[in-house]
Amino acid sequence: MRYFLILSLCLIPFVGVSQSIEGVWETYDDESGELKSEVKIYIKDGKLYGKILKLYNLNIDPKDAKCELCTDYRKDQPVIGMLVMSGLNKSGSEWIGDAALLDPNNGKSYDAKVWLESNNKLAVRGYIGWFFRTQYWKKK
C-alpha cells in the first residue's frame, strides 16, 4: 500500500499537465534547416491564429521584409506582425481550415491542418487539392 501511495504522489504533477498549441514556435527552412521565423500561435474566439514575431537569415533587414506577392489586404505589408495562420477550427486533436495558411514568400494561401506531434513539436500541413507539404515547428 505504501508503494502505491508513493507512486500516486509522484504521478500527480503529470496529471494536470496538458500540451498546449499556444505559444511561440520556431519555423525552419525545409532544405537548409536554418531558422526562418518565430510565430506566435494563439486561440481567439475558439479559432487558431498565428502571426510572425521575428524573421531570421534574410538578405535584407527583417524590418524591411514585405509581402510583395500577396494578393489580398496583406500585399506590400510588413511580414513581421503579419497573420499567416487564421481561423482554424478544432477538429478532435487537430486544427483545420480552408485557405487558412499564408506563405509570405510566394503570397499563396493554403488549406491547413495543424496538430501537436509532441509537447515541443508542431506539425503544420498546407494543402493544394491532394498535394500537401508538412513542416515541423519547434516550441521556443
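In this structure, the ring pair (Phe, Tyr, Trp, His ring centres under 6.0 Å) partners of Y127, at least two apart in sequence or on a different chain, are F132. With sequence neighbours excluded, the residues satisfying side-chain contact (heavy atoms from CB on, under 4.5 Å) with I80 are L55, P62. Every residue was checked against the ring pair (Phe, Tyr, Trp, His ring centres under 6.0 Å) condition with Y56, not counting sequence neighbours, and none meets it. E38 is linked by a salt bridge (charged side-chain N to carboxylate O under 4.0 Å, His left out) to K140, counting only residues two or more places apart in sequence or in another chain. Remark: E117 pairs with W115, K121, A123, Y136 by the side-chain contact (heavy atoms from CB on, under 4.5 Å) rule, at least two apart or across chains. For the ring pair (Phe, Tyr, Trp, His ring centres under 6.0 Å) test, no residue two or more places apart in sequence or in another chain qualifies with Y110. Every salt bridge (charged side-chain N to carboxylate O under 4.0 Å, His left out) that K113 has, sequence neighbours left out, goes to E94. Scanning for salt bridge (charged side-chain N to carboxylate O under 4.0 Å, His left out) contacts around D111 gives an empty result, with sequence neighbours left out.
By the rule that hydrophobic residues join a cluster once side-chain heavy atoms approach within less than 4.5 Å of another member, M82 and W25 end up as members of one cluster.
Within 6.0 Å of the OH atom in Y73, the count of heavy atoms belonging to other residues, nucleotides or ligands exceeds 12.
Within the model, atoms NZ of K138 and CG of L122 stand 13.0 Å from one another, a figure rounded to the nearest 0.5 Å. Summarising the geometry, atom CG belonging to L101 is positioned 12.0 Å from atom CZ belonging to R125; distances are rounded to the nearest 0.5 Å.
Applying the salt bridge (charged side-chain N to carboxylate O under 4.0 Å, His left out) rule to pairs touching residues 25-37 yields D30-R133, sequence neighbours excluded. The stretch residues 91-122 participates, sequence neighbours left out, in no disulfide (SG to SG under 2.5 Å) pair at all. Applying the salt bridge (charged side-chain N to carboxylate O under 4.0 Å, His left out) rule to pairs touching residues 67-79 yields D72-R74, sequence neighbours excluded.
Taking all atoms of both residues into account, the shortest heavy-atom contact from Y42 to L83 is OH-CD1, 3.6 Å. Nearest heavy atoms, K139 versus N119: CD-O, 3.8 Å. Considering all non-hydrogen atoms of both residues, G107 and C67 come closest at CA-SG, 4.5 Å.
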Review item, side-chain donor-acceptor pairs of residues 45-52, under 3.5 Å, at least two apart:
{"from": "K47", "atom 1": "NZ", "to": "N89", "atom 2": "OD1", "distance (Å)": "2.7"}

